**Student:** 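Once you've had a glance at the structure underneath, I'll fire off some questions.
Source: prediction; values computed, not measured. Atoms within a ligand are numbered from 1 in the order they appear, just like the ligands themselves.
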Amino acid sequence: MSNTQRIRKAVFPVAGLGTRFLPATKTVPKEMMPIVDRPLIQYAVDEAIDAGCDTLIFVTNRYKHSVADYFDKAYELEQKLEKAGKTKQLELVREVLPPHVRAVFVTQAEALGLGHAVLCAKPIVGDEPFAVILPDDLIWNRNGPSALKQMADLAESSGNSVIAVEDVPHEMTGSYGIVDVASFDERHGRIDAIVEKPKPEDAPSDLAVVGRYILDSRIFDLLENQKPGAGGEIQLTDAIAELLKIKDVEAYRFFGTRFDCGSHLGLIEAIIRFALDNESLTEGARDAMVRALDELGVQER
Ligand code: G1P
């Protein structure tokens with residue numbers, strides 16, 4: 001990665017089955033689950049655009065037509081809204097993707113793991129540094145730059161790969177990639193080791209990888225040679241462990257709050273947060289929560 005290379009391309013692995021949200025995910029991809037009125041994927045896309053990306057690569061599968069449809073132009077709907085003078089709604093529909101941004105769709109024919117999904121984007125990414133965003137991890141930095149923008153600034157100045165990390169409870173290490181970092185210089189530090197979903201007793205730390213990566217394109221060659229790892233899948237984490245041997249990879253503690261929208265409670269918390277933060281919904285959302293607590297007799301702790 002040269003020091004001057006901008007991060008222009010972002011990869012969104014969206015081919016997962018979303019089993020935790022069955023039966024909804026029988027027909028609605030989990031990336032299309034709404035946080036109030038915008039689907040999860042929109043937050044991820046907005047973050048990539050905020051970070052300066054203009055090429056968005058969706059790694060999808062044959063069941064996820066609605067993700068492609070969502071980013072396609074909706075001529076009929078736009079015409080109807082225009083005729084009806086619904087300019088605000090028309091804007092919302094048009095703002096899904098700004099004109100300078102293009103969406104590319106790549107199919108992952110078999111669900112062989114996150115590493116394999118990222119590898120599917122190789123022909124589009126080529127040999128420049130690129131971002132990976134896992135839309136399940138929604139990161140909200142209310143008044144500041146998005147997490148990926150913070151990371152892109154670091155990657156563009158250091159020339160290194162950068163991975164977002166966050167402290168998790170020790171008993172949760174088995175749900176994440178876990179990094180070992182000797183020391184942090186303010187918010188970032190060089191990763192010495194990385195391991196996918198270690199048991200708490202084997203974890204090198206409690207510092208977990210969350211779904212934002214800026215990677216050197218050499219990761220593709222490493223992924224091509226990667227054997228199945230945790231869960232029998234081709235793991236991105238394992239290829240990053242190889243990348244560490246040839247190039248510095250930095251862990252970055254971002255500013256912002258992460259909601260794990262791959263879990264029920266994470267999704268619920270994100271919806272509550274965004275509803276309360278929306279002026280027109282704040283009071284109604286608060287009242288609804290108070291009513292629900294009262295009616296169900298749920299005690300405050
Ligand atoms: C993936 C990665 C893992 C990372 C996590 C972040 O796991 O493999 O290293 O910590 O995303 O959300 P998954 O949640 O897809 O099982």
Side-chain angles (χ1 to χ4, degrees), residues 10-21 25 29-31 33 40-41 43-44 47 58-61 64 108 110-121 131-140 147-148 151 161-181 191-200 202-215 219 222-223 226-244 249-254 256-267 269-270:
V11 177
F12 302 84
V14 292
L17 289 177
T19 47
R20 279 198 232 166
F21 286 98
T25 43
K30 66 175 170 176
E31 297 78 16
M33 305 272 259
L40 257 183
I41 190 74
Y43 292 88
E47 195 177 327
F58 299 89
V59 182
T60 171
N61 68 30
K64 301 264 179 125
Q108 184 187 20
E110 277 181 283
L112 298 179
L114 176 60
H116 178 257
V118 171
L119 181 57
C120 293
V132 176
I133 299 190
L134 310 186
D136 278 9
D137 281 329
L138 196 170
I139 304 181
W140 187 54
L148 193 69
M151 294 165 68
S161 297
V162 178
I163 297 176
V165 295
E166 164 176 283
D167 293 285
V168 295
H170 188 60
E171 65 276 11
M172 294 294 292
T173 58
S175 301
Y176 296 95
I178 300 291
V179 298
D180 192 7
V181 178
I191 298 178
D192 289 329
I194 183 168
V195 40
E196 182 67 6
K197 304 199 169 98
K199 292 191 197 124
D202 302 327
S205 77
D206 295 344
L207 208 50
V209 173
V210 307
R212 303 289 182 279
Y213 309 75
I214 291 179
L215 296 170
I219 197 79
L222 301 168
L223 282 169
Q226 203 57 62
K227 302 231 156 49
E233 299 191 333
I234 310 279
Q235 295 291 353
L236 181 58
T237 298
D238 295 343
I240 294 170
E242 294 299 315
L243 184 64
L244 293 179
V249 180
E250 294 188 69
Y252 176 71
R253 273 195 174 111
F254 52 90
T257 307
R258 175 183 71 110
F259 302 103
D260 174 10
C261 294
S263 75
H264 292 175
L265 279 177
L267 186 77
E269 192 180 356

**Student:** For Ala147, what residues pass the side-chain contact (heavy atoms from CB on, under 4.5 Å) criterion, not counting sequence neighbours?
**Tutor:**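 Listed in chain order: Glu47, Ile139, Phe254.
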
**Student:** Would you call the rings of Phe58 and Phe12 parallel, tilted or perpendicular if under 30° counts as parallel and over 60° as perpendicular?
**Tutor:**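 If you compare the ring of Phe58 with that of Phe12, the planes turn out parallel.
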
**Student:** Is any NZ, NE, NH1 or NH2 atom of the basic residue among Lys30 and Asp136 found under 4.0 Å from an Asp or Glu carboxylate oxygen of the other?
**Tutor:**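 Here Lys30 pairs with Asp136 in a salt bridge, since their nearest N and O are under 4.0 Å apart.
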
**Student:** I'd like to know whether Glu166 forms a salt bridge (charged side-chain N to carboxylate O under 4.0 Å, His left out) with Arg253, so could you lay out the CA-CA distance, the side-chain angles of the two residues, the decisive distance to 0.1 Å, and finally the verdict.
**Tutor:** CA-CA 6 Å; Glu166 164 176 283; Arg253 273 195 174 111; over 6 Å; no

**Student:** Can you list, by chain and residue number, every protein residue with a non-hydrogen atom closer than 4.0 Å to ligand 1?
**Tutor:**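 Residue list for ligand 1: Leu114, Leu134, Asp137, Tyr176, Gly177, Glu196, Lys197, Val209, Val210, Gly211, Tyr213, Gln235, Thr237.
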
**Student:** Once salt bridge (Lys or Arg N to Asp or Glu O under 4.0 Å) is applied, do any residues pair with Glu171, and if so which ones, sequence neighbours excluded?
**Tutor:**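 Partners of Glu171 under the salt bridge (Lys or Arg N to Asp or Glu O under 4.0 Å) test: none.
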
**Student:** Going by salt bridge (Lys or Arg N to Asp or Glu O under 4.0 Å), name the residues that satisfy it together with Asp238, two or more places apart in sequence or in a different chain.
**Tutor:**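 Asp238 satisfies salt bridge (Lys or Arg N to Asp or Glu O under 4.0 Å) with no residue once adjacent residues are dropped.
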
